[in-house]
Amino acid sequence: GKNCQFYCNPCHRRLCEECKDEHQRNPMTKPHEVVLFNQRKRQLPVKKCTLHPTRNIDILCKECNVPLCSKCSTMEKHQGHTFNDLEDIFAGKFESNSKKISEIQGYFLATAQDLKKETEEDGKEIKKIMDSIRDSIKDEAESLKSLVDKATSEKLEHANLIEDSLLKQLKPQETTYKEYIAYLETLVGDLRGNFPITDGGGSSVACSLEIKPIPETTKPNLPKYRFGQFSKDNVGKLLGSIVVPSVKEEKRKIKPMEKDSSSQLKPAGAQGEPEQRADAIKRPIVSEVRAFKVPGVDSTWYLSVDKSGRVWASDDGGNLVQTDPEGNQLQKIQTSGKDEGYHTVTPTGDLLYADKIKKIINKIPQNNRISKFFKTGDWEPLSIHSSHINGDVLVGMRKDREAKVTRYKNGKEIQNIQMDNKRQAMYNSPLYITENDNGDICASDDEKQAVVVVSKAGQHRFSYRGQEPEFHPYGICTDCSGNILISVGLLSNGTVEIISQDGHFLSRLFAMDQEITSPRCVCVSDKNNLYVGQEMSNKVKVFKYEFK
């Protein structure tokens, strides 16, 4: 009636502590192997021999590899063969299978369930993103409809002006013919009052009257309507498009099996491979394409590049200069900006820049005057990025001791990103901001000494804290492969670090012999050229790089 704690393997008996002591004192059972109950040898299931139905199968012929009963071993065809205890084999198999079951339940099943949950979360993320894209399509269509209505109104007004002009031209002609008709009617009356009078010789004394000719006028050139040439495809091209990044799909991460699980079932390729260290990763091959100086600035703390290769560069004195691809100055304006990434170029080539003092975002269309785009309320705008995916505007901002990233569409606030899922503040001072091809929002926060990356839905994905004890991230951008490039301030010189879109360190880009002094900002153009601006110089360098 007491709890079973022990087990006799030869007897296959369950034993409590008292029975165990008695079992080991008995001369008949003293040699038996008594173990803890959970270490017991599993009893061989009962199976009768087909040749000897009264006997149980309990041995294995090693040469024939068939299970037998003890009487079968005396048969002629098994003479001289070696036999193994089938119960020992069964116990070993049971233990091995138990370990595998434990591994399946503790690792494979649990990991597969986590991956299944991850796919479900991806499905929810896809739904959110597609809902946002659908909203963007509708908003853009409404904007296009508004422009069509405006253009229609202008054309109708133009038609009214043409009509007024033509009618004005006809008015004098109408007056001319009205006066001529009156003249003719008067003339007819005069002629009717003259009767023929003759003298003695019979000649008429009536005077011959000369009739004025009909006035000549010109017919107006009547307008015609030339129908526009458009189709559904033409209209579709005016609207944005859904862009699916062409980068190779990333494999889901499968967590490695813990060491204490089993050394027999490690994933292929993982056994014996050391974790790759940052200093062991190959540096990409970097080649300088060109370099140019930006007139009108003392240094290049931030850069924005448009599709035509024109560059907007700013220094810490608020000077914002536009140059052509060769570095010739095109425009220069004075701003309240300092060392932040406070300007960006839209997909259409317009410049947006933040005014920290007035708390507004200004817009400069190409070769046009500055206009106010939208306000940021009580929040001080620090950094700004125009999405090349959907045209949204991302703004990093702060107020008192709070900081956040806000998404705007057509100047209207549609999303605020501030806290992680534990309700902890994600930002202290997001001075630089960009967007990756997968929709991730990447913000460089020197006060937090981290690059904070969140999904398009605003969920915290990871925070990258660099390869040194102190990490000072500044300018940030992404390339066509989805890698994130960060200009990093170091005590010695500074560098540009490249990490994957999941936050894994890939490489440091520059060696000391490439004469990059204190890189402060980075920008990748549509042609995947890397522009690097320097804190201590107004020289911009342009590079190509690739991993070998």
Side-chain angles (χ1 to χ4, degrees), residues 131-186 211-243 306-308 310 322 330-331 333 344-353 360-375 386-393 407-414 526:
D131 284 344
S132 175
I133 289 175
R134 279 187 281 268
D135 290 341
S136 298
I137 292 171
K138 292 176 184 177
D139 291 344
E140 198 170 35
E142 287 299 324
S143 298
L144 183 59
K145 289 176 185 176
S146 176
L147 290 174
V148 170
D149 291 342
K150 185 177 180 181
T152 302
S153 177
E154 290 176 354
K155 287 182 180 295
L156 291 173
E157 182 65 26
H158 186 219
N160 294 337
L161 291 174
I162 292 174
E163 181 184 19
D164 291 343
S165 176
L166 292 172
L167 292 175
K168 189 175 180 181
Q169 291 177 27
L170 288 176
K171 197 69 177 175
Q173 297 183 23
E174 183 181 346
T175 302
T176 297
Y177 287 117
K178 183 178 180 181
E179 292 175 350
Y180 183 70
I181 291 169
Y183 156 74
L184 292 176
E185 289 174 347
T186 302
I211 302 173
K212 293 180 183 179
I214 298 173
E216 290 185 355
T217 56
T218 58
K219 291 189 70 174
N221 289 325
L222 298 179
K224 297 180 180 178
Y225 187 71
R226 181 185 298 165
F227 287 91
Q229 301 295 319
F230 59 86
S231 65
K232 186 179 76 172
D233 290 340
N234 299 139
V235 177
K237 288 176 182 177
L238 294 176
L239 300 171
S241 58
I242 302 175
V243 179
D306 66 19
K307 291 181 179 179
S308 63
R310 288 175 295 193
Q322 186 189 36
L330 301 176
Q331 296 185 66
I333 59 176
T344 184
V345 175
T346 69
T348 57
D350 301 336
L351 177 79
L352 304 180
Y353 73 93
I360 60 175
I361 304 300
N362 289 315
K363 182 176 183 179
I364 305 180
Q366 296 186 61
N367 303 320
N368 211 332
R369 302 182 66 180
I370 301 171
S371 62
K372 183 174 71 176
F373 190 27
F374 60 84
K375 293 183 178 181
S386 175
S387 171
H388 287 245
I389 298 175
N390 51 25
D392 293 353
V393 178
R407 183 188 296 274
Y408 293 86
K409 181 177 290 295
N410 299 324
K412 182 180 177 182
E413 181 181 307
I414 61 171
D526 283 356

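Computed from a prediction, not measured in an experiment: that's the story for all the values here.
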Peer 1: Evaluate the side-chain proximity of L184 to I211: yes if any heavy-atom separation is below 4.5 Å, no if none is.
Peer 2: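 The answer is yes, as the side chains (C-beta and beyond) meet within the 4.5 Å cut-off.
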Peer 1: Minimum heavy-atom separation for S136 and K409, please, with both atom names.
Peer 2: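 Nearest heavy atoms, S136 then K409: OG-NZ, 2.8 Å.
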Peer 1: Within the structure provided, determine whether L352 and V393 are in side-chain contact (heavy-atom separation under 4.5 Å).
Peer 2: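 When only atoms from C-beta onward are counted, V393 and L352 do touch, with a gap below 4.5 Å.
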Peer 1: Could you verify whether a donor N or O on one side chain and an acceptor N or O on the other, from S308 and D306, lie under 3.5 Å apart?
Peer 2: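 D306 and S308 do have a side-chain donor-acceptor pair below 3.5 Å.
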Peer 1: When you check the side-chain N and O atoms of D135 and S132, is any donor under 3.5 Å from an acceptor?
Peer 2: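 Result is no, nothing qualifies.
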Peer 1: Do the side chain of Y177 and the main chain of P215 share a donor and acceptor less than 3.5 angstrom apart?
Peer 2: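 It does hold such a pair.
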Peer 1: State the CD-CG distance between E140 and N410, to the nearest 0.5 angstrom.
Peer 2: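 Reported value, rounded in 0.5 Å steps: 8.0 Å.
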Peer 1: F373 versus I360: any side-chain heavy-atom pair under 4.5 Å?
Peer 2: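 No, every pair of side-chain atoms sits at 4.5 Å or beyond.
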Peer 1: Measure from the side-chain N and O atoms of T344 to the backbone N and O of S386, and report whether any donor-acceptor pair falls under 3.5 Å.
Peer 2: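 Yes, T344 side chain to S386 backbone: donor-acceptor pair under 3.5 Å.
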Peer 1: Could you list the residues that satisfy salt bridge (charged side-chain N to carboxylate O under 4.0 Å, His left out) with D350, not counting sequence neighbours?
Peer 2: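 Once residues adjacent in sequence are excluded, the partners of D350 under the salt bridge (charged side-chain N to carboxylate O under 4.0 Å, His left out) criterion are K363.
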Peer 1: For a quick test of your reading: what N or O donor-acceptor pairs under 3.5 Å do the side chains of residues 141-150 make, sequence neighbours left out?
Peer 2:
unit_1: S143; atom_1: OG; unit_2: D139; atom_2: O; d: 3.1

Peer 1: Evaluate the side chain to side chain contact (heavy atoms under 4.5 Å, CB included) criterion for residues I370 and I333: first the C-alpha distance (whole Å), next the side-chain angles of each, then the deciding distance (0.1 Å), finally the verdict.
Peer 2: CA-CA 10 Å; I370 301 171; I333 59 176; 4.3 Å; yes
Peer 1: Counting only N and O atoms by type, is there a donor-acceptor contact under 3.5 Å from the side chain of Y183 to the main-chain atoms of K212?
Peer 2: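 The answer is yes, because a donor-acceptor pair under 3.5 Å joins these two groups.
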Peer 1: For the side chain of Y408 and the backbone of F374, is there at least one donor-acceptor N/O pair under 3.5 Å apart?
Peer 2: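 Judged by distance alone, no pair lies under 3.5 Å.
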Peer 1: Measure the spacing between CZ of R407 and CG of D392 and express it to the nearest 0.5 Å.
Peer 2: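 So the gap between those two atoms works out to 5.0 Å.
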Peer 1: Please list every donor-acceptor pair under 3.5 Å in which a side-chain atom of residues 159-173 meets a protein atom from a residue at least two apart or in another chain.
Peer 2:
unit_1: N160; atom_1: ND2; unit_2: L156; atom_2: O; d: 3.4
unit_1: Q173; atom_1: OE1; unit_2: T217; atom_2: OG1; d: 3.4
unit_1: Q173; atom_1: NE2; unit_2: T218; atom_2: O; d: 2.8

Peer 1: Just do the side chain to side chain contact (heavy atoms under 4.5 Å, CB included) check on I137 and L239 with the steps written out, would you?
Peer 2: CA-CA 8 Å; I137 292 171; L239 300 171; 5.7 Å; no
Peer 1: Rounded to the nearest 0.5 Å, what separates atom OG1 in T346 from atom CD1 in I364?
Peer 2: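 The distance works out to 11.5 Å.
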